[in-house]
> 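For reference, the structure I am asking about is given below.
First the proteins, then the strands, lettered A, B, ... as listed; each starts at 1.
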Amino acid sequence: MSKRGDELLRSRRLKLDRLVARGVDPFPPRFNRSHTTAEAAAALTAGPAGPDGIGTDVEGVEVSVAGRMIRMRSMGKASFADIEDSEGHLQLFMRQNTLGDDYALLDDLDLGDFVGATGTMMRTRTGEVSVEVQSVMLLAKALRPPPEKFHGLRDVEQRYRQRYLDLIANRDVHATMRARSRIVSAIRAFFDSRGYLEVDTPVLVPVPAGAMAQPFITHHNALDRQLYLRIATELYLKRLIVGGMDKVYEIGRVFRNEGIDADHNPEFTLLESYEAYADYNDIMRLVETLVPQIAQETTGSTTVTYEGVELHLAGPWPRVSLHEGVKEHAGIDLNDYPDAESLANKMRELGVPATYAESRGRLIDKLVGTYVEPKFIQPTFLVDYPVEMSPLAKAMPADPRYAERFEAFAAGMEIANSFTELNDPGVQKARFVEQEELRKRYQGEDLDRMDEDFITALEHGMPPTGGLGIGIDRLVMLITGQQSIRDVLLFPQTRSTQPLPDADDDEDEEPEAEA
RNA sequence: GCCCCCAUAGCUCAGUUGGUUAGAGCGCCUGACUUUUAAUCAGGGCGUCACAGGUUCGAGUCCUGUUGGGGGCACCA
């Protein structure tokens, strides 16, 4: 402990020592709580409803409540303390002539301590729902001070790295994380009710395939081989479709070794679902049903406010073909530029940065990202992607330059990606080969990887299938109105994993000058 | 990976053109107060100005580097 920290902890440690000297266990194993703070408040107002619809007070309800002490107001021989649990907070009213000798315990309590109190529900002169405390006990001593009670904790570094302090100081973080939990539960219920089976596929994989992304690399000692953290669940879920599991989904963490910003975290939660005998049109209907339904179930509305704009999530959502979207917003007819070189020339002519070291797919992605995606504030499906951007999607029979693929956008953010799955093993193999060739030609681009075992699986036959991927973190951002992925992740990645400044004494550091 | 910005007390923040001993509120300590609500009142203590160098008679303030954080670009979902 640093000298500075020692100063700050001294009074709390002194109180701890005094308590121990008096025979008080500062960390007792058990407290029998009868009511949460919310239940205790509800118990008081459980009487018959008056004309205003609010329940009348019930006299003398006995409760045992517990929580973290977040505020303390001592008037000498009477004190008020506010305790907080995950549901809310509640005032304790403690008087010396009721508590007797136990009243002295309050001298050794600090903000942040966990306390348990037993007493009867009452209302103070000013109408505050309170517990008139008959007995109070310390449940856990806090040896470090909590963040400031009024302004809360603002420092973003500390908020992310010591999320527990953020949760203590900023209650709205609880609400966001609770919403996230409800959203995930609602998604599970949605798929479960439609006959989908939730499955778990490997996180450690021999080939990081199924998406275009840089993998994290690791090593298995006993096998002495390189393994990767998955970048997608796609190819394993399709193997299950081959195996006859006709409707499967997985909600899992995937890992991409790429940049960190307001909407990218190196590990994020991806929902993927696959349904045999469905195509991307079916999946569009699924998505425009799923998203508003989840919003309705978790927020009570299909309208959400994001960056000050009302987004109407209720379907159906408009479909815009990628070809038309690029023609309208970028002024380029992709069909006139069938190769990377001619497209790059056209883009440079229009002042869009484009190099000859970029593949056609990547150039199109750039056009879409620059001109088209930002237009999609209200939920929109962008449909029919060029085949070279979609190595796992089935080509459109009417125009094989394009694939039966869509991405869904809202608030200018991609929230879903889906296609009619490519199930022809020969074509799939050729697409993988093409990806590997593009990788050699356009170094630095993320491309998909050959997965021979997956080809073998397809050779055993995969029925026509509609697949879907939804970034859960972004969906949570959308529904909860958060503008940073860090605010929907409990423990977002930070730049460094170095120990906190006041935790460094456990390290083998150079001795201090005075030592 | 590149560019820009930020870092002052446990927390939230001031700190003038480089000028004496770095301030406020909350929290903390002492005292008063038996219905308070960010309780109030009186008194008190608190700092490696992120870290390491440099310029200067003098640095929280200017310069360089490092670390951490934020924003933007690139990459991606």
Side-chain angles (χ1 to χ4, degrees), chain A residues 2-12 14-15 70-82 89 91-99 103 107 110-112 122-130 132 142-161 165 168-169 211-214 231-232 254-272 353 358 362 365-366 369 373 407-409 413-417 444-446 469-475 477 484-486 492 494-502 512-513:
Chain A
S2 70
K3 271 186 277 186
R4 188 175 60 194
D6 226 19
E7 289 289 332
L8 292 158
L9 304 192
R10 185 164 296 154
S11 80
R12 284 169 187 259
L14 277 172
K15 289 174 183 176
I70 55 167
R71 282 183 292 269
M72 176 73 154
R73 296 173 293 283
S74 172
M75 341 301 304
K77 295 184 179 63
S79 296
F80 298 87
D82 297 331
H89 54 87
Q91 176 169 274
L92 305 181
F93 178 38
M94 294 169 285
R95 290 194 283 189
Q96 189 173 51
N97 58 3
T98 310
L99 286 175
Y103 194 75
D107 290 338
D110 289 295
L111 297 187
M122 52 89 72
R123 208 178 271 278
T124 63
R125 194 175 288 168
T126 53
E128 179 78 15
V129 173
S130 308
E132 171 134 46
L143 292 172
R144 291 175 186 266
E148 204 244 18
K149 67 184 178 185
F150 185 59
H151 294 95
L153 184 68
R154 299 272 174 80
D155 180 55
V156 288
E157 177 183 357
Q158 208 168 10
R159 285 189 53 224
Y160 298 143
R161 292 178 66 166
L165 293 180
I168 291 167
M212 301 179 181
Q214 290 296 319
I231 58 173
V254 299
F255 307 84
R256 297 189 184 176
N257 203 341
E258 288 156 358
I260 299 171
D261 63 27
D263 42 34
H264 295 87
N265 197 66
E267 52 181 298
F268 64 102
T269 301
L270 183 63
L271 159 74
E272 287 196 37
E358 293 175 293
R362 170 134 153 191
D365 199 43
K366 196 176 266 189
E373 287 180 19
E407 292 193 1
F409 297 89
M413 212 166 37
E414 182 191 335
I415 57 169
N417 181 21
E445 281 193 32
D446 290 334
I470 292 182
I472 295 298
D473 312 280
R474 290 189 179 174
L475 185 64
M477 287 168 67
S484 172
I485 196 169
R486 297 185 189 92
T494 51
R495 197 174 296 245
S496 166
T497 53
Q498 284 185 354
L500 292 162
D502 62 357
E512 310 240 341

> Identify, with sequence neighbours excluded, every residue that meets salt bridge (Lys or Arg N to Asp or Glu O under 4.0 Å) alongside Asp365(A).
none
> Ignoring hydrogens and angles, tell me if any N or O in the side chain of Arg12(A) forms a donor-acceptor pair with the backbone of Ala142(A) under 3.5 Å.
yes
> Does Gln158(A) reach a base, just sugar-phosphate, or nothing at all? Heavy atoms under 4.0 Å.
sugar-phosphate
> Reckon Ser79(A) touches a base, only the sugar-phosphate, or nothing at all at heavy-atom distances under 4.0 Å?
nothing
> With sequence neighbours left out, write down each residue that passes ring pair (Phe, Tyr, Trp, His ring centres under 6.0 Å) with Phe268(A), or none if nothing qualifies.
none
> Using Watson-Crick and G-U wobble pairs whose two distances are both under 3.5 Å, how do you write the pairing of RNA chain B as dot-bracket, with | for links to another strand?
(((((((..((((.....[...)))).(((((.......))))).....(((((..]....))))))))))))....
> If you round to the nearest 0.5 Å, how far is CG of Leu99(A) from CE of Met94(A)?
7.0 Å
> Quick one: ring pair (Phe, Tyr, Trp, His ring centres under 6.0 Å) partners of Phe93(A), sequence neighbours excluded?
Phe80(A)
> Is the distance from OP1 or OP2 of rC75(B) to the nearest side-chain N or O of Arg362(A) less than 4.0 Å?
yes
> Please report the shortest heavy-atom distance between Ile231(A) and Gln214(A), naming the atom on each side.
CG2-O, 4.1 Å
> Could you please spell out the steps behind the side-chain contact (heavy atoms from CB on, under 4.5 Å) verdict for Glu132(A) and Arg95(A)?
CA-CA 8 Å; Glu132(A) 171 134 46; Arg95(A) 290 194 283 189; 2.8 Å; yes
> Between N or O atoms, less than 3.5 Å apart, protein on one side and nucleotides 13-15 of chain B on the other: list the pairs.
from    : atom 1 : to        : atom 2 : distance (Å)
rC13(B) : OP1    : Arg154(A) : NH1    : 3.3

> CD of Glu258(A) versus P of rG1(B): gap in Å, rounded?
14 Å
> Check side-chain contact (heavy atoms from CB on, under 4.5 Å) between Gln96(A) and all other residues, then give those that pass, not counting sequence neighbours.
Lys77(A), Tyr103(A)
> With sugar-phosphate meaning primed atoms plus P, OP1 and OP2, does Gln96(A) contact a base, only sugar-phosphate, or nothing at under 4.0 Å between heavy atoms?
nothing
> Classify the nucleic acid contact of Met212(A) as base, sugar-phosphate or nothing, counting any heavy atom under 4.0 Å across all strands shown.
sugar-phosphate
> Tell me: CZ of Arg486(A) to C1' of rG69(B), nearest whole Å?
9 Å
